[in-house]
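Below is one structure; the comments refer to it alone.
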Amino acid sequence: MNDSIFTQNIENWYVNNKRDLPWRHNPKPYLVWLAEIVFQQTQIKQGMGHYKRLVEAFPTVEKLADASEDDVLKLWEGLGYYARARNLHKAAKLIQSNDAFPKTGKEWESLPGIGPYTAAAIASVCANEPIACVDGNVMRVLSRTHAISDDIRAGTTQALMRKIANEKIQFAEHPGNFNQGMMELGAIICTPKKPNCNACPVQHQCALYNNQLDPSLYPFKSKAKPRIKRHLHFAFASNEPFVLLRRNPEKGIWAGLYLLPFNEGKESAFKKTGSLVKKGKHLLSHQEIHYYIWDIKTWKLLPDDHTDYKHAPLDKPLPALPVPLKKFVDAFVNL
DNA sequence: AATGCGGGGTC
DNA sequence: GACCCAGCATT
């Protein structure tokens with residue numbers, strides 16, 4: 001394949017077809033970095049509201065660094081993968097103490113929450129550094145243009161993709177445009193189902209198109225493990241002027257977040273004293289959480305270990321809660 | 001190299 | 001129900 005023409009086609013297509021996204025108006029490191037963190041494993045439509053609120057609340061890295069972690073988490077509430085918010089905040093403090101943003105991709109990658117993908121994205125867009133981004137979109141595009149049927153879950157396959165993309169980006173006029181073009185192509189044209197091959201700028205550089213192979217077979221991805229089923233029973237006291245919360249352990253799901261006190265298992269510890277006011281199923285990538293919320297009216301005696309508990313007044317914003325609990329508490333407050 | 005980590009959208 | 005998403009840190 002002629003990499004030079006491939007790269008040119010991607011760049012030209014990107015310049016003429018890119019979506020109007022906030023950080024593209026003026027791609028400064030802060031706005032690009034923030035966007036890359038928000039949109040890790042998160043589709044643009046899903047994360048855009050959070051991104052805009054974060055930029056408004058923290059217009060500069062100094063504002064972000066000076067905020068409390070709780071405030072950052074509150075703005076992250078509902079986005080998931082909450083370690084991203086904590087690492088973002090930590091990195092902001094490091095940038096502030098250095099009094100400068102990193103310059104090279106290697107420097108960016110040394111910050112918490114920034115791996116090979118994010119470092120390449122920021123350095124290519126903000127500093128014209130020719131390092132290829134390899135995300136889910138890029139792997140889909142390359143698996144099709146090069147008819148690669150290896151499992152994209154495997155690290156070796158991702159390394160192969162990175163090698164191919166890095167060869168192509170050497171021909172880029174603006175590496176940032178090539179990287180964003182590859183991802184944009186995967187997001188808009190070379191979609192998982194029913195790709196719009198007629199609108200593709202690298203149609204004639206595509207092994208699948210040229211050989212009339214079925215794009216639904218590419219990329220190949222091995223099956224995910226089945227979800228673990230869990231049953232969580234949460235306690236809520238509707239007659240109190242506060243919500244009693246307990247901080248979750250630092251490991252596992254919703255690490256370090258405040259939750260309603262709960263016990264896990266088929267049996268509820270609150271069955272005798274409470275009434276079931278809500279139950280639901282919350283699906284995560286790897287867990288199927290059946291949750292039950294019991295109204296115990298009042299907290300007659302508080303739990304023994306006092307240290308991890310918090311009384312959150314109902315007339316003030318609550319700490320960041322996981323989605324199912326946030327929905328329940330918000331609905332109660334709005335009654 | 002494998003695993004865990006959220007939540008929403010689509011078909 | 002299955003799959004996907006501007007991945008990373010940890011083990």
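Atoms considered below: every heavy atom in the structure, side chains included; atoms not considered: hydrogens, waters and symmetry mates. From a predicted model like this one, the values you see are computed outputs, not experimental measurements. Per chain, numbering begins at 1; letters A, B, ... match sequence-line order.
Looking at the side chain of Met183(A), the nearest of the listed nucleotides dG7(B), dG6(B), dA6(C) is dA6(C). Considering only the side chain of Lys251(A), dT10(C) comes nearest among dC3(C), dC8(C), dT10(C). The side chain of Lys45(A) lies closest to dT10(B) when the candidates are dT10(B), dC3(C), dA6(C). Here the nucleotide nearest the side chain of Arg84(A), chosen from dC3(C), dG8(B), dG6(B), is dG6(B). Side chain of Thr42(A), nearest nucleotide from dA6(C), dG6(B), dC3(C): dG6(B). Relative to the side chain of His286(A), the nucleotides dA6(C), dG4(B), dC5(C) differ in distance, and dG4(B) lies closest. Looking at the side chain of Lys221(A), the nearest of the listed nucleotides dC4(C), dT11(C), dG6(B) is dC4(C). Counting only heavy atoms from C-beta on, Lys281(A) has its side chain closest to dG1(C) among dG1(C), dC8(C), dA6(C). Proximity note for Gln46(A) (side chain, C-beta onward) versus dG7(B), dC5(B), dA6(C): the nearest is dG7(B).
For dG7(B), one of the phosphate oxygens OP1 or OP2 lies less than 4.0 angstrom from a side-chain nitrogen or oxygen of Tyr82(A). Look at Lys18(A) and you won't find any side-chain N or O under 4.0 angstrom from OP1 or OP2 of dA6(C).
Backbone-only engagement by Gly113(A) is indicated by non-hydrogen atom pairs under 4.0 Å involving sugar-phosphate atoms exclusively. Nucleic acid contact class of Leu88(A) (heavy atoms, under 4.0 Å, all strands): none. As judged by a 4.0 angstrom heavy-atom cut-off over every strand, Glu184(A) is placed among the base-contacting residues. Among the protein residues, Arg140(A) comes within range of the sugar-phosphate backbone only, with heavy atoms under 4.0 Å from sugar or phosphate atoms but none that close to a base. Among the protein residues, Gly186(A) comes within range of no part of the nucleic acid, since none of its heavy atoms lies under 4.0 Å from any strand. If you check every strand for non-hydrogen atoms under 4.0 Å, Arg24(A) touches a base. If you check every strand for non-hydrogen atoms under 4.0 Å, Ile114(A) touches sugar and phosphate atoms only. Using a 4.0 Å heavy-atom criterion, one finds that Gly47(A) contacts no nucleic acid atom at all. No engagement by Trp76(A) is indicated, since no non-hydrogen atom pair under 4.0 Å with the nucleic acid exists. Residue Lys194(A) is out of contact with every strand shown, counting any heavy-atom pair closer than 4.0 Å.
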Report the C-alpha separation of Glu250(A) and Arg86(A) in whole Å, then their side-chain angles, then the decisive distance to 0.1 Å, and conclude whether the salt bridge (Lys or Arg N to Asp or Glu O under 4.0 Å) test is met. CA-CA 12 Å; Glu250(A) 292 297 334; Arg86(A) 294 203 176 84; 5.1 Å; no
Run the side-chain hydrogen bond (donor to acceptor under 3.5 Å, both in side chains) check on His174(A) and Asn128(A) step by step: do they pass? CA-CA 6 Å; His174(A) 189 317; Asn128(A) 291 329; 3.0 Å; yes
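If you check distances only, the side chain of Ser285(A) does reach the base of dG6(B) with a donor-acceptor pair under 3.5 Å. Interface remark: the Tyr117(A) side chain does not form any donor-acceptor pair with the dG7(C) base, using a distance-only criterion of under 3.5 Å.
A cation-pi arrangement is present between Lys168(A) and Phe6(A) under the rule of less than 6.0 angstrom and at most 45 degrees off the ring axis.
We find that Lys163(A) and Glu167(A) are joined by a salt bridge, their nearest charged nitrogen and carboxylate oxygen being less than 4.0 Å apart.
With Gln287(A) as the partner, the side-chain hydrogen bond (donor to acceptor under 3.5 Å, both in side chains) test is satisfied by one option alone out of Lys229(A), His282(A), Arg227(A), Arg230(A): Arg230(A).
Where Thr156(A) and Gly80(A) meet DNA chain B, the nucleotide closest to each residue was compared, and Thr156(A) sits on the side nearer the 5' end. Place His282(A) and Lys225(A) on DNA chain B by their nearest nucleotides, and Lys225(A) ends up nearer the 5' end.
The distance from the CG atom of Leu244(A) to the CG atom of Leu259(A) is 12.0 Å, given to the nearest 0.5 Å.
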